[in-house]
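A short write-up of the structure that comes next.
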There are 2 protein chains.
Amino acid sequence: MSRVLSGKPYVSDALRQRVLETIRELDYRPSRVARSLRVQRSRIIGLIISDIQNPFFTSVVRAVEDVAQQRGYAVFLCNSDEDVDKESTYIELMLAEQVAGMIVSPTASSNEVYRRLVEQRVPVVAIDRRVDGVPMDTVVSDNVHAACAVVSHLIENGYRRIGAILGVPGASTGAERHQGYVTALAHHGVPLLPELVRSGLPRSQNGYELTLELLAQSQPPDAIFTGNNLLTIGALRAIHEAGLGIPDDVALAGFDEMDWMFLVKPALTVVMQPAYEMGQRAAELLLERIVDPDRAPQAVVLQSTVKVRESSRRAAMRA
Amino acid sequence: MSRVLSGKPYVSDALRQRVLETIRELDYRPSRVARSLRVQRSRIIGLIISDIQNPFFTSVVRAVEDVAQQRGYAVFLCNSDEDVDKESTYIELMLAEQVAGMIVSPTASSNEVYRRLVEQRVPVVAIDRRVDGVPMDTVVSDNVHAACAVVSHLIENGYRRIGAILGVPGASTGAERHQGYVTALAHHGVPLLPELVRSGLPRSQNGYELTLELLAQSQPPDAIFTGNNLLTIGALRAIHEAGLGIPDDVALAGFDEMDWMFLVKPALTVVMQPAYEMGQRAAELLLERIVDPDRAPQAVVLQSTVKVRESSRRAAMRA
DNA sequence: ATCTCTGCTGAAATCGATTACAATTGCAGC
DNA sequence: GCTGCAATTGTAATCGATTTCAGCAGAGAT
């Protein structure tokens, strides 16, 4: 009798003892599958991120795991690989596995799948990126503001032809950081030059190729803003191979700190996003929603800070 | 009637059509939980790695996911965080979730849990690290040989006081790389100095602290061998902060390439392990075992290569 | 015409836990 | 002594898919 487990009342000590002993004897191991089937939910949290190889997301994973484990949940992690179809497939899979809820970094800011989830009362939290038009819990950082701040910093340091290598605009991060870039230029009266703006999937290789494109122009940029850490790595490689010096030939400022960055000379100016905290908050929001599925959706926006270092040092006066 | 799905024979076209239509109408979504309960196994592969923030393992994850997805499996990823208890807990959890099989990077080379798994015919593959005394599928790299090769290289380049920062000997990688180090010294008649050998959990912070310890000695090493990529990062930070030059003050050679290493000057000499291939092979072994649980266990040992770069450049002649 | 066999279909058992419900006992209150 | 309630425990329904079993219709053989 399973009343013994889960400490239900109305069981005599004698019986409780007998049951416990038998359990030990048989090396009994309850099937979570059967339990999930009966209870119609499990103690599993689904976590779908868009790139397992991106240190930003591994920090998020770490945080979600810590919170989940503390509360007795396990984490089912999947890698959507910036692919909307993979993402949808994994969401369906999670659903079929009866997860208690899921945290997703949506590849595209419009996806009908989320509307369905919300309507069906499936606890779900969007992290890092927003989903348009669906009232759901969301944890993001202040991308527009942070991008604007770091680009403004470049402008204030004397840079005028500021290139931008951004993630695809389909993801809200890409779009918002682009907007921050545009806003900063407008605010300082610096003309927006479309030929200096590139976007692609946030992968190191793309950062490399797009930066090469910028540098190959007849009037190359005097500074580059990268909208993602992998793009930053690619940009560094391109600048490096082009034999250019930072910041004298071209300044560089990007998103996200990485743990080896102290090695890079000159030190890089970056927007520091609170990755771990984002994961924590997302996990907490999810657990709250699991408890109370009817709570009003919350949108948490965390502050990022610009860490100014040498890669954006004041430009020498130019002719 | 579920004979329609899974294309069983003995169903008329009329019925098949009717069923399919109803399925569409109701937006029917089969419960994998119920299926798992009935069939006593699922289409999920468990993957337990010891550090989600280690790029080596994220490559492995990537590979396992690619193979799994191709074969219609989903991956349930967990992070044991180098903690034997967490690892065992997750294994139990996977078992209770009726995974089809699991791939684990064992934190300790002796763990009775694995014997039980193998005896109970649960498909399981050890990756990156061995488990002693249990006949199971294993995918590792040739750690002893690779460590020996890279340390020999240091010796041949004129270094004599070679320090070692290794992972804990409980994990087979730590022990084997240590053995490779010892072998190389012995082979070249270089005395083994115990005070130059340190080990700890493979984390960046430990690499930092242990390297500081080595450097603080009255007779500090003229070269350091690091047995893991995170330890390498830590060692770099320590050397960096100590204001020492590589390789003139102290040479450095370690394990594992990382994608940003082209940025580090001088370029680092490293052992390149085929991380992605290890993941692939492990996934393939697992899938084979799922199909045939009685196959004899295989041990795959992959070759690593030493990538010689500037951080181990020939030492200037010393007094 | 009867029997068999094949092709197909519906009904029912099954997986292992949870949980609702019924049955039993003991004990207090009237 | 009888009723009523609480404490305890056994029984059975349930979750949703798979799978076995039995039954039925029609074709072909005898």
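To find a chain, count down the sequence lines: A is the first, B the second, and so on, and within it residues start at 1. What you see is a predicted model; the values in this text were computed from it and never measured.
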With side chains defined as the heavy atoms from C-beta onward, is the minimum distance between M102(A) and L117(A) less than 4.5 Å?
yes
Does a distance-only test, which skips hydrogens and angles, find a donor-acceptor pair under 3.5 Å between the side chain of R35(A) and the base of dT18(C)?
no
Please determine, for the side chain of A34(B), which listed nucleotide (dG16(D), dA17(C), dT18(D)) has the closest atom?
dG16(D)
Under 6.0 Å from the CZ atom of R71(B), do we count more than 12 heavy atoms belonging to anything else shown?
no
Separation of dA17(C) C1' from E97(B) CD (nearest whole Å)
13 Å
Strictly below 4.0 Å: does Q98(B) bring a side-chain N or O up to OP1 or OP2 of dC15(C)?
no
Whole angstrom is fine here: how far is it from CZ in R43(A) over to P in dT18(C)?
13 Å
Identify whether the distance between the nearest side-chain nitrogen and carboxylate oxygen of D137(B) and R281(B) falls below 4.0 Å.
no
Expressed in angstrom and rounded to an integer, what is the separation of Q40(A) atom CD from dA17(C) atom P?
16 Å
Between atom CZ in R38(B) and atom C1' in dT14(C), what is the gap in whole Å?
4 Å
Just jot down the side chain to side chain contact (heavy atoms under 4.5 Å, CB included) partners of V140(A), sequence neighbours excluded, or say none.
R130(A), T138(A), V301(A)
